[in-house]
*Asks:* 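Starting off with a structure, shown below.
Throughout, a chain's letter reflects where its sequence line sits, starting with A, and its residues are numbered from 1.
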Number of protein chains: 2
Amino acid sequence: MKYSASKEDYLKAIFHLQTEQSMVTTNALAVAMQARPASITDMLKKLKSEKLLIYERYKGFRLNNEGKKIAVQVIRKHRLWEYFLVHKLKFGWDEVHEVAEELEHITSKKLIDQLDAFLNFPVTDPHGDPIPDRSGKFNSPKQLNLLDFPMNTPAKVSSVASQTSDILELLDHKSIHIGTRLEIRKKFLFDNSIELKVKNQAPITVSEQVAQKIFVHNDE
Amino acid sequence: MKYSASKEDYLKAIFHLQTEQSMVTTNALAVAMQARPASITDMLKKLKSEKLLIYERYKGFRLNNEGKKIAVQVIRKHRLWEYFLVHKLKFGWDEVHEVAEELEHITSKKLIDQLDAFLNFPVTDPHGDPIPDRSGKFNSPKQLNLLDFPMNTPAKVSSVASQTSDILELLDHKSIHIGTRLEIRKKFLFDNSIELKVKNQAPITVSEQVAQKIFVHNDE
DNA sequence: ATTTATTTTTAGGCTAATCTAAAAAATAAA
DNA sequence: TTTATTTTTTAGATTAGCCTAAAAATAAAT
Ligand SMILES: [Mn+2]
Ligand SMILES: [Mn+2]
Ligand SMILES: [Mn+2]
Ligand SMILES: [Mn+2]
């Protein structure tokens with residue numbers, strides 16, 4: 001029960017994709033993995049023969065319980081390492097993803113459980129994503145996309161759905177972080193941009209593309 | 001300037017071997033790498049073409065400056081991670097080597113320099129081996145093998161030249177650690193075993209094979 | 001219901017890192 | 001200084017993970 005870094009990355013990508021579409025397609029995974037469709041098919045055959053997913057040619061695929069279990073453990077490692085990098089090694093939240101992408105493949109159960117304890121069992125990573133516990137359980141807090149959130153209602157930023165440093169840099173610049181309390185002041189129908197008010201700050205405007213990536217929950 | 005985990009392991013192994021023999025042999029490296037001689041030859045050709053060592057067929061090989069530089073950085077990473085595992089994640093000194101063998105290949109300069117700072121720039125790893133600084137300089141303290149050390153002279157254990165958990169477990173059991181102060185009481189010529197006295201403890205005997213692995217320095 | 005376009009799979013290749021078995025070179029022994 | 005032994009290298013395979021180009025299956029359009 002030890003899988004290559006590449007296989008772990010595949011399982012993780014499929015896991016994320018199948019929360020949206022119930023059957024994942026070869027092309028979708030090819031985009032996510034930045035590989036050609038032919039390579040995806042090759043790997044699917046291997047993962048199927050290792051009984052980590054169900055797959056019938058031309059019909060799509062999805063992880064079975066065993067595949068999910070492994071994917072979740074990789075996600076757990078990824079997010080714990082991101083937390084470590086930000087809170088212990090003073091990395092910015094926009095520079096941890098690449099490194100965690102490597103660290104997540106270190107194979108030592110003790111390592112990750114001790115790390116978890118050392119970090120005091122954090123429940124969300126620096127991007128606000130939930131960290132599953134050692135049994136694989138997520139404590140996902142309810143959250144809404146900023147675009148669907150009501151105006152003039154206290155909100156707290158809970159996660160940012162992107163790992164690319166461009167958007168994180170932009171949010172950094174506008175002083176929007178996980179935990180930032182804000183309210184929506186205006187929604188411009190013309191371009192779906194949104195004006196936000198953060199306490200003690202001048203109002204700021206974010207584009208639809210940015211708002212789409214921000215998730216919040218009710219702040220009390 | 002990025003090398004595979006395998007190449008880094010080769011460079012590291014050659015680096016260690018060439019402190020003893022000035023020219024390293026294919027067979028010696030095959031033993032160290034637990035691989036067949038044919039595989040060693042294959043890799044040597046690659047490392048040579050990447051200008052990391054000097055090598056002429058049938059004549060032996062040794063790292064050039066560039067090869068040494070890379071090896072030292074890998075060693076630095078290995079030892080810093082070992083330190084982290086023992087001092088932050090409560091690993092025993094006998095269970096860190098395998099994990100560090102993987103962690104040492106993570107490729108992020110920032111990661112390792114921040115880790116170094118986080119650990120307060122340690123100078124020796126849990127086995128007493130010196131940790132090179134970011135420029136690659138070793139601050140190696142003078143040390144003598146226990147077999148060559150005079151009797152009835154205060155000594156302090158500075159390092160243990162083995163990564164296998166068998167010997168570390170044995171030393172653990174006999175309460176010998178890095179930093180332990182002891183004196184040699186007797187040297188038995190019959191089998192070269194040695195009787196040691198640790199303060200407030202009954203005298204203990206170690207075999208020649210064990211003594212060979214223990215390095216000490218004068219304790220004032 | 002054909003034709004056309006898209007998606008997915010197969011066929012065949014490539015590279016890195018390993019292996020075994022056989023050949024060649026170097027070293028040691030007779 | 002031949003012969004035998006040991007060491008090292010070459011030759012040829014294998015596996016994982018990727019690729020391109022072509023074929024096959026499915027979906028969309030006329
Ligand atoms: Mn990864
Ligand atoms: Mn994250
Ligand atoms: Mn290693
Ligand atoms: Mn060590």
*Asks:* Does C:dT18 have OP1 or OP2 sitting under 4.0 Å from an N or O in the side chain of B:Y10?
*Replies:*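 True: B:Y10 side-chain N/O within range (under 4.0 Å) of C:dT18 OP1/OP2.
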
*Asks:* Could you tell me how far apart A:Q34 (CD) and D:dC18 (P) are, to the nearest whole angstrom?
*Replies:*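 Going from CD in A:Q34 over to P in D:dC18 covers 12 Å.
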
*Asks:* For a quick check of understanding: with a heavy-atom distance under 4.0 Å over all strands, which category does B:F61 fall into, base, sugar-phosphate or nothing?
*Replies:*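 The answer is nothing, as B:F61 stays clear of every strand by at least 4.0 Å.
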
*Asks:* Side chain of B:T41, heavy atoms from C-beta onward: which of C:dC19, D:dT9, C:dT8 has the nearest atom to it?
*Replies:*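 Side chain of B:T41 sits closest to D:dT9.
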
*Asks:* Between A:R76 and A:D113, is the salt bridge (Lys or Arg N to Asp or Glu O under 4.0 Å) condition met? List the steps.
*Replies:* CA-CA 10 Å; A:R76 167 171 157 82; A:D113 288 335; 2.9 Å; yes

*Asks:* Rounding to a whole Å, what distance do you find between B:D42:CG and C:dC19:P?
*Replies:*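 It works out to 10 Å between those atoms.
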
*Asks:* For B:M23 and D:dT8, what is the distance between atoms CE and P respectively, to the nearest whole Å?
*Replies:*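 Rounding to the nearest Å, CE of B:M23 and P of D:dT8 are 13 Å apart.
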
*Asks:* Starting the side chain at C-beta, find the nucleotide from C:dT10, C:dT8, C:dA16 nearest to A:T25.
*Replies:*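 Of the options given, the side chain of A:T25 lies nearest C:dT8.
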
*Asks:* Heavy atoms from C-beta onward define the side chain here; which of D:dA16, C:dT10, D:dT9 lies closest to that of B:R57?
*Replies:*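 Closest nucleotide among those given: D:dT9.
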
*Asks:* On DNA chain C, does the nearest nucleotide to B:R36 precede the nearest nucleotide to B:K46 from the 5' side, or the other way round? Give the residue.
*Replies:*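 Result of the comparison: B:K46.
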
*Asks:* Output the single nucleotide from C:dA17, D:dC19, C:dC19 whose closest atom is nearest the side chain of B:K7.
*Replies:*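 The answer is C:dA17.
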
*Asks:* For B:F84, is the NZ or CZ atom of A:K88 found under 6.0 angstrom from the centre of its six-membered ring and inside 45 degrees of the ring axis?
*Replies:*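 So A:K88 doesn't make the cation-pi contact.
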
*Asks:* Consider the side chain of A:Y58, meaning its heavy atoms from C-beta on, and name the nucleotide among D:dC18, C:dT8, C:dA17 that approaches it most closely.
*Replies:*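 Looking only at heavy atoms from C-beta outward on A:Y58, the closest nucleotide is C:dT8.
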
*Asks:* Check every atom of C:dT18, D:dT10, C:dT20 against the side chain of B:K45 and return the nucleotide holding the closest atom.
*Replies:*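 Out of C:dT18, D:dT10, C:dT20, the nucleotide with an atom closest to B:K45's side chain is D:dT10.
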
*Asks:* Please tell me if B:S39 has a side-chain N or O lying less than 4.0 Å from either OP1 or OP2 of C:dC19.
*Replies:*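 Yes, B:S39 has a side-chain N/O under 4.0 Å of OP1/OP2 on C:dC19.
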
*Asks:* Measuring to OP1 and OP2 of C:dT6, would you say a side-chain N or O of A:N27 lies under 4.0 angstrom away?
*Replies:*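 No, A:N27 has no side-chain N/O under 4.0 Å of OP1/OP2 on C:dT6.
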
*Asks:* A:Y55 near the nucleic acid: base, sugar-phosphate alone, or nothing, with a heavy-atom cut-off under 4.0 Å?
*Replies:*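 It contacts sugar-phosphate atoms only.
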
*Asks:* A:E66 and A:K69: salt bridge (Lys or Arg N to Asp or Glu O under 4.0 Å), yes or no, with the steps?
*Replies:* CA-CA 5 Å; A:E66 184 60 17; A:K69 218 180 73 188; 3.6 Å; yes

*Asks:* Give the nucleotide from the list C:dC19, D:dC18, C:dT9 with an atom nearest to the side chain of A:P37.
*Replies:*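 Of the candidates, C:dT9 comes closest.
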
*Asks:* Of the options C:dC19, C:dT18, D:dT8, whose atoms approach the side-chain atoms of B:S6 most closely?
*Replies:*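 For the B:S6 side chain, the nearest candidate turns out to be C:dT18.
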
*Asks:* Side chain of B:T26: nearest nucleotide among D:dT8, C:dT8, C:dA17?
*Replies:*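 Comparing D:dT8, C:dT8, C:dA17 against the side chain of B:T26, the answer is D:dT8.
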
*Asks:* Name the one of A:R79, A:K77, A:K12 that satisfies salt bridge (Lys or Arg N to Asp or Glu O under 4.0 Å) with A:E104?
*Replies:*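 With A:E104 as partner, salt bridge (Lys or Arg N to Asp or Glu O under 4.0 Å) holds for just one option, A:K12.
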
*Asks:* What is the distance from CG of B:L29 to C1' of C:dA17, rounded to the nearest Å?
*Replies:*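 Result: 14 Å.
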
*Asks:* Categorize B:Y3 for me: base, sugar-phosphate, or nothing, with a 4.0 angstrom heavy-atom threshold over every strand shown.
*Replies:*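 Since no nucleic acid heavy atom lies under 4.0 Å of B:Y3, the category is nothing.
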
*Asks:* Which nucleotide sits closest to the side chain of B:M43: D:dA16, C:dT18, C:dT8?
*Replies:*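 Nucleotide nearest to B:M43's side chain: C:dT18.
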
*Asks:* Within 45° of the ring axis of B:Y10 and under 6.0 Å from its six-membered ring centre, is that where the NZ or CZ of B:K46 lies?
*Replies:*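 Not flagged: B:K46 not positioned over aromatic ring of B:Y10.
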
